[in-house]
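Everything on this sheet refers to the single structure shown next.
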Amino acid sequence: MESVWRLVMALAWDAYRAGSLPVGAVVLDGDGVMVGRGRSTRHEDLAVPGQLSNSRIAHAEINALAQLPCRGVSFGDHTLVTNVEPCCLCMGAALQTGVGTLHYGWRDPYAGAATSMTVRNPQVSRRGLTVVEPADETVEAVTGLLATCHYFYRRPGRGAAGVAWRDERPDLVTTAARPSVAAAIDRAVAREADIDTLIDELRPLLGLASMDS
């Protein structure tokens with residue numbers, strides 16, 4: 001994984017451990033320097049200046065994009081990097097902010113809007129947004145699993161019924177239900193393991209190749 005994806009996935013893992021949706025996001029400027037970062041804090045009470053928490057709109061992308069100033073800067077050369085395909089809310093925020101590129105790691109078959117949302121007006125036409133779809137196998141696989149596990153295990157008694165994409169991605173539901181997978185994630189949470197440790201434990205269970213250094 002590239003360093004930017006490690007950071008995004010670390011933010012997503014922090015969110016999962018805290019009980020929020022496992023989504024992380026960063027904003028890079030035209031030189032690849034990080035100028036914004038955030039994670040999902042929907043189910044938490046945090047006091048982070050300029051960011052939301054304990055709100056249905058406390059999404060990772062919103063929290064990352066909110067750090068960009070309103071005046072004096074154009075963001076057409078900036079990139080929003082997030083491990084989950086943004087929803088309509090976050091796509092709207094990206095368009096309003098004016099970032100030029102969106103790169104996401106896992107296609108969300110339920111709420112993802114980058115592959116389905118169409119907006120045609122002069123503002124969007126003037127700004128434009130290039131969407132780069134998943135390219136990292138590890139990010140894609142681990143994100144899909146964590147997102148599925150969040151709904152599978154964190155809504156007591158619901159299991160597969162709590163996963164909105166159970167019909168579109170039954171493979172993820174089947175994997176999340178495996179005791180070995182659940183145990184690996186539970187151990188990582190209990191030990192406060194970092195994202196690389198988690199991925200190393202999940203790699204053989206998900207059939208992933210060795211991680212690049």
Side-chain angles (χ1 to χ4, degrees), residues 1-18 20-41 51 59-68 73 75-87 90-91 93-95 97-109 112-115 128-150 169 172 175 181 184-185 188-189 192-213:
M1 275 192 305
E2 297 179 13
S3 58
V4 64
W5 283 116
R6 276 194 172 91
L7 175 55
V8 168
M9 292 302 294
L11 290 167
W13 177 229
D14 287 345
Y16 182 91
R17 289 167 50 202
S20 289
L21 290 164
V23 187
V26 302
V27 181
L28 307 177
D29 68 13
D31 295 320
V33 176
M34 186 181 68
V35 293
R37 60 185 285 175
R39 66 172 179 84
S40 172
T41 50
Q51 298 196 24
H59 294 197
E61 298 90 337
I62 298 294
N63 282 334
L65 291 166
Q67 296 165 50
L68 301 180
V73 183
F75 302 113
D77 63 347
H78 286 45
T79 300
L80 172 62
V81 184
T82 176
N83 63 311
V84 174
E85 179 185 1
C87 65
C90 296
M91 284 298 294
L95 291 169
T97 307
V99 294
T101 304
L102 161 68
H103 195 169
Y104 70 90
W106 175 71
R107 182 180 178 275
D108 181 349
T115 54
L129 179 65
T130 299
V131 177
V132 182
E133 297 186 354
D136 189 297
E137 178 189 37
T138 299
V139 171
E140 189 171 8
V142 174
T143 294
L145 176 63
L146 287 179
T148 302
C149 286
H150 173 83
R169 293 297 306 271
L172 288 174
T175 301
V181 171
I185 295 176
V189 170
E192 298 185 352
D194 62 22
I195 188 61
D196 287 333
T197 300
L198 172 69
I199 291 174
D200 284 343
E201 292 205 16
L202 292 178
R203 192 173 299 282
L205 300 175
L206 299 179
L208 294 170
S210 298
M211 183 164 56
D212 294 333
S213 59

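Values reported hereafter were calculated over all heavy atoms of this structure, with side chains retained and with hydrogens, waters and symmetry mates removed. Just so you know, these numbers come straight off a predicted model, no measurement behind them.
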How far apart are the C-alpha atoms of R6 and D196, what are their side-chain angles, what is the distance that settles it, and do they pass the side-chain contact (heavy atoms from CB on, under 4.5 Å) test? CA-CA 8 Å; R6 276 194 172 91; D196 287 333; 3.4 Å; yes
Would you compute the distance between atom [atom1] of [X] and atom [atom2] of [Y] and round it to the nearest 0.5 angstrom?
X    : Y    : atom1 : atom2 : answer
D14  : T41  : CG    : OG1   : 12.0 Å
E201 : I185 : CD    : CD1   : 10.0 Å
E140 : L206 : CD    : CG    : 12.0 Å
T101 : L129 : OG1   : CG    : 7.0 Å
W106 : L146 : CH2   : CG    : 10.5 Å

Polar side chain donor-acceptor pair, E85 to T115, under 3.5 angstrom: yes
If we count only N and O atoms by modelled type, under 3.5 Å, do the side chains of T197 and D194 hold a donor and an acceptor together? yes
What is the minimum heavy-atom distance between [X] and [Y], and which atoms define it?
X    : Y    : result
P22  : A15  : CA-CB, 4.2 Å
A114 : L102 : CB-CD2, 4.0 Å
E133 : Y104 : CG-OH, 3.5 Å
L145 : V181 : CD2-CG1, 3.7 Å
L11  : A25  : CD1-O, 3.7 Å
P109 : R169 : CG-CG, 4.1 Å

Find out whether L28 and V81 are in side-chain contact, i.e. whether some heavy atom of one side chain is under 4.5 Å from a heavy atom of the other. yes
Any donor-acceptor pair under 3.5 Å from [X] side chain to [Y] backbone:
X   : Y   : result
S40 : H59 : no
Q67 : R37 : yes
D29 : D31 : yes

side-chain contact (heavy atoms from CB on, under 4.5 Å) for L80 and T97? Distances and angles first, verdict last. CA-CA 10 Å; L80 172 62; T97 307; over 6 Å; no
Which of parallel (below 30°), tilted (30 to 60°) and perpendicular (above 60°) describes W13 and Y16? parallel
Only one of D77, L65, T79 clears side-chain contact (heavy atoms from CB on, under 4.5 Å) with V99; which? L65
Applying the side chain to side chain donor-acceptor pair (under 3.5 Å) test to T143, which of T138, N83, D108, T148 qualifies? N83
